[in-house]
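Okay, so here's the structure we're looking at.
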Amino acid sequence: MMRCFHFVVEPAKNITAKLKESHKRAKKDKKEPLEENQLFIVELARDLNRVCQRSDILQNIWNLDDIWPTPLCRAFILEWASMLESKKRPMQTDGWPEMDKSKQQHLADEQDMQQAKTVIFNWTKDLRAQPEQSVWPGEPVAKVLDDLQSAWRWGRMPNLLTAMELVMWTLILQSPDKDALPQQWLLWKQRTQKIGAARYIPQTVWDWISDAAVEVTLDLDTANPDLLISNDEKRMRCGFERKDVPNYHQRFDGWWCAVGVEGFSSGRHYWEVEVGERDWRLGVAKESALRKGFKSLNTDTGYLTLRLERGTELKALTVPFTALPPGLIPRKVGVYLDYDQGQLSFYDVDTHSHIYTYNERFTEKLFPLFGTVEIIKDLVIRSPAVKTHCLCPTSCFWG
């Protein structure tokens with residue numbers, strides 16, 4: 001396959017000279033010598049910090065306090081070279097350029113890495129022509145950068161990748177309206193990296209997600225007869241005897257599942273679920289999805305879900321299924337549906353981290369879905385806005 005790049009070759013010599021200078025500086029500071037791609041990131045952080053106000057967090061990168069592993073540096077360089085090239089293509093509906101994924105996948109060898117660096121270098125050359133501290137990122141981005149500084153110091157995220165991304169976007173877009181940029185950053189991350197897109201979601205962005213909180217209650221007419229549902233219809237677990245209830249067409253009679261009373265066909269919606277350590281299933285069911293028997297509840301049958309099996313195997317039930325790293329297994333799950341943006345995302349509420357996102361064009365009503373195999377502990381739907389609920393293990397349930 002032919003690859004087309006539009007590069008200026010001459011600046012590559014300047015890149016090499018800058019890297020050699022940085023290598024000497026690292027040795028002088030008695031730091032471990034850095035690999036070439038790491039040094040490239042160091043110099044890029046310096047250039048960004050020079051122009052963008054309130055970006056002092058990037059000093060931790062060019063002071064070598066936050067040294068990225070080489071694979072992360074390579075991925076960042078390839079991604080953002082592709083992103084800068086994508087500015088020549090139309091914007092997405094949310095105002096962000098779409099990456100040329102085919103080009104990114106083929107940028108593999110060292111020659112292509114050098115070409116990717118040249119793309120970024122040419123961009124930073126124009127950046128260096130701007131006066132120092134000449135770009136105001138906007139108060140929302142500035143607050144996020146302060147939050148990231150604190151989170152990184154406390155070990156809540158392994159590196160300052162998010163800070164670099166936000167400053168890059170601030171300088172690339174240079175839009176007068178930057179209030180929504182942190183939220184757009186999250187949508188972009190979840191679209192381009194479905195698994196573990198953010199190890200830490202900044203507090204202001206988390207608050208934006210939580211602002212979409214809705215009250216979700218279980219629909220008794222859809223619940224499997226084996227399930228015990230609390231009087232407030234927010235708790236469920238499996239019972240020992242199947243209840244004698246009408247076998248409605250919309251009722252689950254195989255899997256131990258139920259859906260929420262209300263379905264969604266537009267807007268943003270967020271709810272939280274305490275799942276514990278045993279097997280569970282969460283997500284949404286399309287209005288047309290079949291609920292009878294034990295047919296797999298996956299994307300082919302109208303379900304967008306995460307499932308924990310045997311307490312250790314977390315999966316997104318795509319076709320075929322997508323195995324997720326054990327380190328992403330949560331105790332409390334945040335489910336966020338952005339119907340208009342076509343995203344269903346799952347988060348670890350305790351760590352404010354991203355787990356997985358389905359990206360799809362939604363065309364029908366979606367109902368929150370819940371499943372459990374627990375017979376002792378409850379699967380509990382929580383409202384982020386309501387922190388006090390009955391904690392009684394038995395008295396809230398049917399006899």
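Under a hydrophobic clustering in which Ile, Leu, Val, Met, Phe, Trp and Tyr are joined whenever their side-chain heavy atoms come within less than 4.5 Å, directly or via other members, Ile355 and Ile381 fall into the same cluster. In terms of hydrophobic clustering, with Ile, Leu, Val, Met, Phe, Trp and Tyr side chains grouped at heavy-atom distances under 4.5 Å, Leu181 and Leu127 are assigned to a common cluster. The hydrophobic clustering, which links ILVMFWY residues whose side-chain heavy atoms are closer than 4.5 Å, places Leu290 and Leu297 apart. Note on Tyr339: it does not cluster hydrophobically with Val261, by side-chain heavy-atom contacts below 4.5 Å among ILVMFWY residues. In terms of hydrophobic clustering, with Ile, Leu, Val, Met, Phe, Trp and Tyr side chains grouped at heavy-atom distances under 4.5 Å, Phe294 and Phe252 are assigned to a common cluster.
A donor-acceptor contact shorter than 3.5 Å links the side chain of Asn359 to the backbone of Gln190. When atom types are taken as modelled, the side chain of Thr372 and the backbone of Leu379 share no donor-acceptor pair closer than 3.5 angstrom. With hydrogens and angles disregarded, no donor-acceptor distance shorter than 3.5 Å links the side chain of Asp378 to the backbone of Arg235. The backbone N or O of Arg331 lies less than 3.5 Å from no partner atom in the side chain of Asp348, so there is not a single donor-acceptor pair. In terms of modelled atom types and a separation under 3.5 Å, the side chain of Asp147 and the main chain of Ser150 share no donor-acceptor contact. Counting only distance, with no hydrogens or angles, the side chain of Glu43 and the backbone of Arg46 share no donor-acceptor pair below 3.5 Å. Checked by atom type and distance alone, the side chain of Arg50 pairs as donor or acceptor with a backbone atom of Gln130 at under 3.5 Å. Distance alone, capped at 3.5 Å, places no donor-acceptor pair between the Gln53 side chain and the Pro137 backbone. Using modelled atom types, one side-chain atom of Glu364 and one backbone atom of Glu287 make a donor-acceptor pair closer than 3.5 Å.
Residues Trp271 and Phe370 form a side-chain contact, since some pair of their non-hydrogen atoms from C-beta on lies under 4.5 Å apart. Residues Pro368 and Phe264 meet the side-chain proximity criterion, which asks for heavy atoms closer than 4.5 Å. No side-chain heavy atom of Gln203 sits under 4.5 Å from any side-chain heavy atom of Lys143. Looking at heavy atoms from C-beta onward, Met168 lies out of side-chain contact with Met83 at the 4.5 angstrom threshold. The side-chain heavy atoms of Lys117 and Asn37, taken from C-beta on, include a pair separated by under 4.5 Å. Counting heavy atoms from C-beta on, the side chains of Tyr356 and Leu314 never come closer than 4.5 Å. Counting only heavy atoms from C-beta outward, the side chains of Val167 and Ile57 never approach each other to under 4.5 Å. Considering only heavy atoms from C-beta on, Leu64 comes within 4.5 Å of Leu34 through its side chain.
Interatomic distance, Lys243 NZ to Ile229 CD1, rounded to the nearest 0.5 Å: 6.5 Å. From Trp188, atom CH2 reaches atom CD of Gln184 across 12.0 Å, with rounding to the nearest 0.5 Å. How far CD1 of Ile120 is from CG of Leu78: 8.5 Å, rounded to the nearest 0.5 Å. With values rounded to the nearest 0.5 angstrom, Thr162 atom OG1 is found 7.5 Å from Asn159 atom CG. Between Gln133 atom CD and Asn49 atom CG the span is 6.5 Å, to the nearest 0.5 Å. If you take NZ on Lys315 and OG1 on Thr305, they are separated by 11.0 Å, rounding to the nearest 0.5 Å.
A pairwise comparison of heavy atoms in Val205 and Pro182 identifies CG2-CB, 3.6 Å as the closest pair. Minimum interatomic distance between Trp152 and Pro158 (heavy atoms only, all atoms of both residues): NE1-O, 4.0 Å. When all heavy atoms of Trp68 and Cys73 are compared, the pair lying nearest together is CB-SG, 3.6 Å. Scanning both residues, Gln38 and Ile67, for their nearest heavy atoms gives NE2-CG2, 3.6 Å. Counting all heavy atoms, side chain and backbone alike, Val119 lies closest to Ala81 at CG1-O, 3.7 Å. Looking at every heavy atom in both residues, Leu145 comes nearest to Ser55 through CD1-CA, 4.2 Å.
A 6.0 Å sphere centred on NZ of Lys377 holds no more than 12 heavy atoms belonging to other residues, nucleotides or ligands. Remark: Arg268 CZ is packed, more than 12 non-hydrogen atoms of other residues, nucleotides or ligands lying under 6.0 Å away. Other residues, nucleotides and ligands place no more than 12 heavy atoms under 6.0 Å from the NZ atom of Lys295. Taking a 6.0 Å sphere around CG of Asp244, one finds it holds 12 or fewer heavy atoms contributed by other residues, nucleotides or ligands.
Residue pairs meeting the ring pair (Phe, Tyr, Trp, His ring centres under 6.0 Å) criterion with at least one member in residues 202-225, sequence neighbours excluded: Trp206-Tyr347, Trp206-His352, Trp208-Tyr336. Sorted by first and then second residue, the pairs that involve residues 248-263 and meet side-chain hydrogen bond (donor to acceptor under 3.5 Å, both in side chains), not counting sequence neighbours, are Asp226-Trp256.
The aromatic ring centres of Trp80 and Trp123 sit 6.0 Å or more apart.
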CA sep, side-chain torsions, deciding dist, call: Tyr358, Thr299, side-chain contact (heavy atoms from CB on, under 4.5 Å)
CA-CA 10 Å; Tyr358 285 94; Thr299 49; 3.7 Å; yes
Steps toward side-chain contact (heavy atoms from CB on, under 4.5 Å) verdict (Ile375, Cys238):
CA-CA 5 Å; Ile375 60 175; Cys238 296; 3.9 Å; yes
Can you list the steps and then say if Glu165 with Glu79 is a side-chain contact (heavy atoms from CB on, under 4.5 Å)?
CA-CA 11 Å; Glu165 290 175 336; Glu79 180 178 41; 4.2 Å; yes
Could you go through Asn60 and Gln149, starting from their C-alpha distance and side-chain angles, then the distance that decides it, and tell me whether this counts as side-chain hydrogen bond (donor to acceptor under 3.5 Å, both in side chains)?
CA-CA 9 Å; Asn60 294 296; Gln149 175 90 296; 2.8 Å; yes
Show your working on side-chain contact (heavy atoms from CB on, under 4.5 Å) between Val259 and Arg291 and close with a plain yes or no.
CA-CA 10 Å; Val259 297; Arg291 300 174 183 175; 4.0 Å; yes
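With a 6.0 Å cutoff to the six-membered ring centre and a 45° limit on the axis angle, Arg128 counts as a cation-pi contact of Phe121.
The pair Arg310-Glu313 meets the salt-bridge criterion, with a side-chain N (NZ, NE, NH1 or NH2) lying under 4.0 Å from an Asp/Glu carboxylate O.
A salt bridge (Lys or Arg N to Asp or Glu O under 4.0 Å) with Arg382 is found for exactly one of Glu274, Glu272, Glu215, namely Glu274. With Leu306 as the fixed residue, the side-chain contact (heavy atoms from CB on, under 4.5 Å) test singles out one of Thr322, Leu317, Val333, Leu324: Leu324.
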